[in-house]
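FYI, side chains are in, hydrogens and waters are out, and symmetry mates aren't considered; it's all heavy atoms of this structure.
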Protein chains: 2
Amino acid sequence: MDKIKRSNNAPVAQTATAQVHAAIKQRILDGDYQPHQYIREASVACELAVSRTPVREALRELVSEGWLEAIPHHGARVAAWTEKDAHEVFEIRLMLEPIAVRLACRHMDNGRLAYLKTLATQMETLTESSIDPEACNELAALNHEFHRELISASGNQRLTALLDGVVRTSVIRRNFANYDATHLRRSMHHHREILQAIEADSPEWAESVMRSHLLAARDLHASFPESMPEASREIPN
Amino acid sequence: MDKIKRSNNAPVAQTATAQVHAAIKQRILDGDYQPHQYIREASVACELAVSRTPVREALRELVSEGWLEAIPHHGARVAAWTEKDAHEVFEIRLMLEPIAVRLACRHMDNGRLAYLKTLATQMETLTESSIDPEACNELAALNHEFHRELISASGNQRLTALLDGVVRTSVIRRNFANYDATHLRRSMHHHREILQAIEADSPEWAESVMRSHLLAARDLHASFPESMPEASREIPN
DNA sequence: CAACCCTTAATTGCATACAATTATAAATCT
DNA sequence: AGATTTATAATTGTATGCAATTAAGGGTTG
């Protein structure tokens, strides 16, 4: 009796607008649309065989989600990602996630904890095996799901939605291209330690580890200054 | 040589969509649209003498901003405000604003500080005079501007936008109806003390006062349990 | 009498046509 | 030749008409 889990809160591809929404987001993720490139309504409408109306609505949604930026009477273009953006996101995550984990200690239930453990195990298994691009994608997805589930346990739905938006827009390309074996192992250990702290019912411990986790990730990111030409890389954490 | 300040980042009422956006938001604020009431595209379009298209786009924007909630194939209705919502918002503000003020200490410049002082003075003047409804509106607006300007000084634009959204949706009715003279004086003192801490270049002090400020506001809010029937009141802080 | 199906009304979702605005570029004037 | 102006094309913004979906009410049937 597995409950259906929907990790992404994107609109289900039932209406045309939702389909266009998903399609454009995928193209941004895949790098088909490069930063600062304008997304023309007519082009997308033609390619996806729909009218401009659902395209317009999808673009508007993507703008409000931070994927695109709208210039009045000029259309929407892919949001570029600067070092300042990365800095801002880490600053915000450092304010929210550690305290969120602290709150999560109080509201954690066995089912969720078990799910988090399976996620951690899956990530560890992937880390130990070969590091092909496909595995990197999977690792990134699992990592996001882990963080999201942990935050969700705080019981604060607004907080979950907020962080979802903040973190999501920081992931342009889903790969761990510029990773570091040492960092990766430490990261996996952090995940385990957070779960152990929660089991030990020590909010301060869990909060502290999460803070270390994020600070380590920020440091790693700072050590890759502007290396990628077109789009920012995945930031492991 | 006053620089033009735009405290609200709402779309300027130039395009029809922006006008509809502003109009509906105002109606929500004024209580013309009550919680859980459906906003029909056709009605609004007729009343504002525009077509359904800009109405649709405005509604979609308001949904993404948290003013409305969309039910597929049923339209958008005014988001209701529960005690849980208020709790979540305070929890988030407590995570973000104190640290934001701490950061603001490092980036504060004289011009901004002077502006904050004038805001504080204006609020104090209003507090000392009579408490008519009009003064309450003005006080709430100044209070928002004060907090917003303070957070903005953190230098983190994303953080400013984030908090703007979180706080904004918590204000359904712009009044200080359920205020308390004692709280109000304490609140004004907090504002002054934060500015003094910043001038003294003491981030920890400023952060601590902001935390006290928010905790006091939360406590006040908790002491008015579900008193208002239709829409939530302004939460003074 | 209750449960089910079908019809109907209302509303949103989508497509197309047209208007308004702006960038581009050629042409003209100084 | 350089700057300015003006026409043109491309793109977004808006209006209207139609299709799809859903909720409700009346009718039918067991």
B/Phe146: what forms a ring-ring contact (aromatic ring centres under 6.0 Å, His included) with it, not counting sequence neighbours? B/His191
Not counting sequence neighbours, which residues clear side chain to side chain contact (heavy atoms under 4.5 Å, CB included) with B/Arg60? List them please. A/Thr17, A/Glu57, A/Glu61, B/Arg56
Reading DNA chain C from 5' to 3', where do the contacts with chain B start and stop? Cut-off is 4.0 Å to heavy atoms. C/dT11 to C/dG13
Expressed as a whole number of angstroms, how long is the span from A/Glu57:CD to D/dT14:C1'? 13 Å
Determine, stepwise, if the pair B/Glu83 / B/His87 fulfils side chain to side chain donor-acceptor pair (under 3.5 Å). CA-CA 6 Å; B/Glu83 285 299 314; B/His87 178 73; over 6 Å; no
B/Ile71 near the nucleic acid: base, sugar-phosphate alone, or nothing, with a heavy-atom cut-off under 4.0 Å? nothing
Roughly, in whole Å, what's the span from CG in A/Leu59 to C1' in D/dG13? 14 Å
For B/Arg27, give me all partners under side-chain hydrogen bond (donor to acceptor under 3.5 Å, both in side chains), at least two apart in sequence or on another chain. B/Tyr33, B/Glu47
Which residues satisfy the side chain to side chain contact (heavy atoms under 4.5 Å, CB included) test with A/Lys117, sequence neighbours excluded? A/Leu113, A/Arg192, A/Leu195, A/Glu199
Quick one: label B/Glu41 by what it contacts on the DNA or RNA (base, sugar-phosphate, nothing), any heavy atom closer than 4.0 Å. sugar-phosphate
Which whole-number value in Å describes the distance from A/Arg60 CZ to D/dT12 P? 12 Å
Residues forming a side chain to side chain contact (heavy atoms under 4.5 Å, CB included) with B/Ser64, sequence neighbours excluded: A/Ser64
If a protein heavy atom is under 4.0 Å from the base, mark B; if only from the sugar-phosphate, S; if neither, -; do that for nucleotides 15-23 of chain D going 5' to 3'. BB----SSS
Sorted by chain and residue number, the salt bridge (Lys or Arg N to Asp or Glu O under 4.0 Å) partners of B/Glu69 (sequence neighbours excluded) come out as B/Arg77
Contacts of A/Leu59 meeting side chain to side chain contact (heavy atoms under 4.5 Å, CB included) (sequence neighbours excluded), chain-then-number -> A/Ile24, A/Ile39, A/Glu41, A/Val55, A/Leu68
Does a side-chain N or O of A/Arg40 approach OP1 or OP2 of D/dA10 to a distance below 4.0 Å, or not? no
